[in-house]
Amino acid sequence: MTIPLNSNGHRRRQLRARVLAEQTHCALCGQRVDKTLKTEPGKHYKKCTNTNCQGCLPHPMRPEVDEDIPRAKGGSPLQRDNCNLMHRTCNQRKGTMTLAEARKQHAETATQATAQRTPVKASPIW
Ligand SMILES: [Zn+2]
Ligand SMILES: [Zn+2]
């Protein structure tokens, strides 16, 4: 069964609004998402000619609603439990991975970064 994408526009918008209202933290990095962010100050589309424009490129930390299992992998964009709040930049990093895959990768990069910053010392307790 194929559902035409357009017919679901309204339900998709409602679901996005619900996710935005219910969730406060990014599903990938766990940091709080500032829902007031929209555009990045001082960053413009090449075609922007408005001299009063404060910035029109999307802010990398603005909230986005992501599908855990991407549509390409059979996930539903209309199921509440398949949708999560995420930073735009985290959402882009996630790409077509599932949330579990993206979290695993995020944890690995975080561990590597910490290992580089703090040299491993023998703990006096253990
Ligand atoms: Zn994030
Ligand atoms: Zn602009």
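Order of appearance sets the numbers: ligands from 1, and atoms from 1 within every ligand. Note that the numbering runs from 1 along the sequence shown for the chain.
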Within 6.0 angstrom of Lys104 NZ, more than 12 heavy atoms from elsewhere: no
Shortest-distance N, O or S atom of His87 relative to the Zn ion (ligand 1): ND1
Around atom CD of Gln14, are there more than 12 heavy atoms from other residues, nucleotides or ligands closer than 6.0 Å? yes
Angle at the Zn ion (ligand 2): provide the value between SG of Cys48 and SG of Cys53, rounding to 10 degrees. 110°
Is the number of heavy atoms from other residues, nucleotides or ligands under 6.0 Å of Lys35 NZ greater than 12? yes
With Leu99, which of Glu101, Met97, Arg103 fulfils side-chain contact (heavy atoms from CB on, under 4.5 Å)? Arg103
Would you give the angle at the Zn ion (ligand 2) between Cys56 atom SG and His44 atom ND1, to the nearest 10°? 110°
Within rounding of 10°, what is the angle whose vertex is the Zn ion (ligand 1) and whose arms end at SG of Cys90 and SG of Cys29? 110°
